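Both ligands and their constituent atoms are indexed starting at 1 by order of listing. As the structure is a computational prediction, the values presented were derived from the model and not from experiment.
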Amino acid sequence: MSKQLLSGHVVEELTKEEQKAIGFNNFVHGIVRLKPEGWVYPGTAPTFLDRIYNMEFRPDDVLITTFPKSGTSWMQEIIWTMVHNPKLDNPKAQESLWLRSPDISLDMMFDSKTLGGKAPESYQKKFREQCPGKNEKEGVTLHLADAEPSPRILKSHYPFTLMPKDVLDRVKVVYVARNPKDMAISLFNNFKMFKVFEFESEKEEYFKDIMNNKTLYCPYWPHVKEAWGKRHHPNLLFLFYEDMKADIMKELGRINEFLGTGLSQESLENVARHTSFSAMKSRGEPITDPVFDKKDDNEVRFFRKGTTGDWKNHFSPEMQKEFDQWIKENLAGSDLSLSWALAE
Ligand code: A3P
């Protein structure tokens, strides 16, 4: 009998052949597809999603929601700095970004054979310190989020449809979207970079899997379009990575107004400097745990390029054409415009 989530989604398991075909063989509990949209996640996701469905959000939480590789960490550091460190003097800023801004969608990714199905040591250590008596099987990052003092700056890659129906009435959400071509190359590098995934796929094959909704975190369009459809809700701020790159001060002004942080122009300039790509890169990776370490033969780092249009260095002319067609088809009839994402 198929399992049903509290959100109403039905869980379907991918066969071993399907997992192998998309290059992900390293999850202890395999991979599932959540219908009707068909979200593809590691097999432990349903347990954590049911916990998130009942999660106690706090009125002063800020939830950053994205499809992966859309500038999530950048936004986490921006908002964490605006809320907790506007004078750039908070010692807690020394802690790894991903530990002080908990990712409520991360637990499912720890189900790796390389990790023995457990969270990496830096998460375990904080969990032991902050969550005594709690059961790690219920989600190390979920318990860490519970233990985090307010105001919390939370992160999630789950789409709205998997979250509690009234989440926007309970917390402020900042959604960041990015050109899917740059997202695709960034995500490909991400999976190749981290040892824990043992990811075996080639670039063009992977891009096709994205377009066919066959790989982890997909489908892309329902994720972005659902958030876009909610953009007029007073508790949602919908931003584009490309706009942030083009004029960060303008976007920081919008965030300042949305969150009600009331920062001066001078403070916002500090935030912009502190969260620039070069500044974040020079402070080091957002998590320093060795199991998140890079494959020895891979020079790619988390702070990889931080630019727009890097896809031009990676897409063959044929792949560009196919991807553009995919973008056009998915934007047809929608008022979401990504004309800048196309080749011409
Ligand atoms: P690239 O791989 O294209 O360089 P996420 O945080 O959602 O995983 O997104 C990661 C992407 O955002 C990576 O893109 C990373 O380099 C980029 N990024 C991280 N910090 C950034 C910053 N301060 N400014 C611009 N881009 C940043």
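- Two rings, from F199 and F194, have their centers 6.0 Å or more apart.
- Considering backbone and side-chain N/O atoms, K245 never comes within less than 3.5 Å of an N/O atom of ligand 1.
- Of the N or O atoms in R304, one or more lie within a sub-3.5 Å distance of an N or O in ligand 1.
- Nearest to atom 13 (C) of ligand 1 among the protein's heavy atoms is S186 OG, 3.7 Å.
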Table please: side-chain donor-acceptor pairs of residues 38-45 below 3.5 Å, with sequence neighbours left out.
residue, atom, partner, partner atom, Å
W39, NE1, E37, OE1, 3.2

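- Checked options I79, L106, V174, T72; the residue passing with K155 is T72 (criterion: side-chain contact (heavy atoms from CB on, under 4.5 Å)).
- S73 N, 2.8 Å is the protein heavy atom nearest to atom 6 (O) of ligand 1.
- For ligand 1, none of its N or O atoms has an N or O atom of P68 under 3.5 Å away.
- Note: E148 CD to R100 CZ = 10.0 Å, rounded to the nearest 0.5 Å.
- As a member of the Ile/Leu/Val/Met/Phe/Trp/Tyr network built from side-chain separations under 4.5 Å, V28 groups with nothing else and remains a singleton.
- Atom CG in N26 sits 9.5 Å away from atom CZ in F197 (nearest 0.5 Å).
- The heavy atom nearest to atom 19 (C) of ligand 1, considering only F67, W98, W311, F303, is found in F303.
- For M280, no nitrogen or oxygen atom sits less than 3.5 Å from a nitrogen or oxygen atom of ligand 1, counting backbone and side chain alike.
- R178 NH1, 3.2 Å is the protein heavy atom nearest to atom 14 (O) of ligand 1.
- Closest heavy-atom contact between S70 and V176: O-CG1, 3.2 Å.
- Contacts with ligand 1 closer than 4.0 Å are made by backbone heavy atoms (N, CA, C, O) of S70 only, the side chain lying farther away.
- Here F67 and H157 keep their ring centres 6.0 angstrom or further from each other.
- Any N or O atom pair closer than 3.5 Å counts here, and T307 shares no such pair with ligand 1.
- Using a 4.0 Å cut-off between heavy atoms, S276 contacts ligand 1 through its backbone alone, with no side-chain atom that close.
- Between F207 and F315, the ring planes are parallel. Angles under 30° get that label, and only those over 60° would be called perpendicular.
- Neither the backbone nor the side chain of D310 has any atom closer than 4.0 Å to an atom of ligand 1 (non-hydrogen atoms only).
- Going from atom CG of N212 over to atom CH2 of W326 covers 9.5 Å, rounded to the nearest 0.5 Å.
- Ligand 1 has a nitrogen or oxygen under 3.5 angstrom from a nitrogen or oxygen of Y241.
- Heavy atoms from other residues, nucleotides or ligands lying under 6.0 Å from CD of E266 number 12 at most.
- The aromatic rings of F127 and H143 lie tilted to each other, with the angle between the two planes from 30° to 60°.
- Taking 4.0 Å as the cut-off, E77 does not count as a neighbour of ligand 1 on heavy-atom distance.
- Shortest contact from atom 23 (N) of ligand 1 to any protein heavy atom: T275 O, 2.9 Å.
- Per-residue contacts place F302 under 4.0 angstrom from the following atoms of ligand 1 (heavy atoms of the residue considered): 6 (O), 8 (O), 10 (C), 15 (C), 16 (O).
- Nearest protein heavy-atom neighbour of atom 27 (C) of ligand 1: F277 CD1, 3.7 Å.
- Protein heavy atom in closest approach to atom 8 (O) of ligand 1: K69 NZ, 3.1 Å.
- With respect to atom 7 (O) of ligand 1, the closest heavy atom belonging to the protein is T72 OG1, 2.4 Å.
- Not close to ligand 1: T66, with no non-hydrogen atom less than 4.0 angstrom away.
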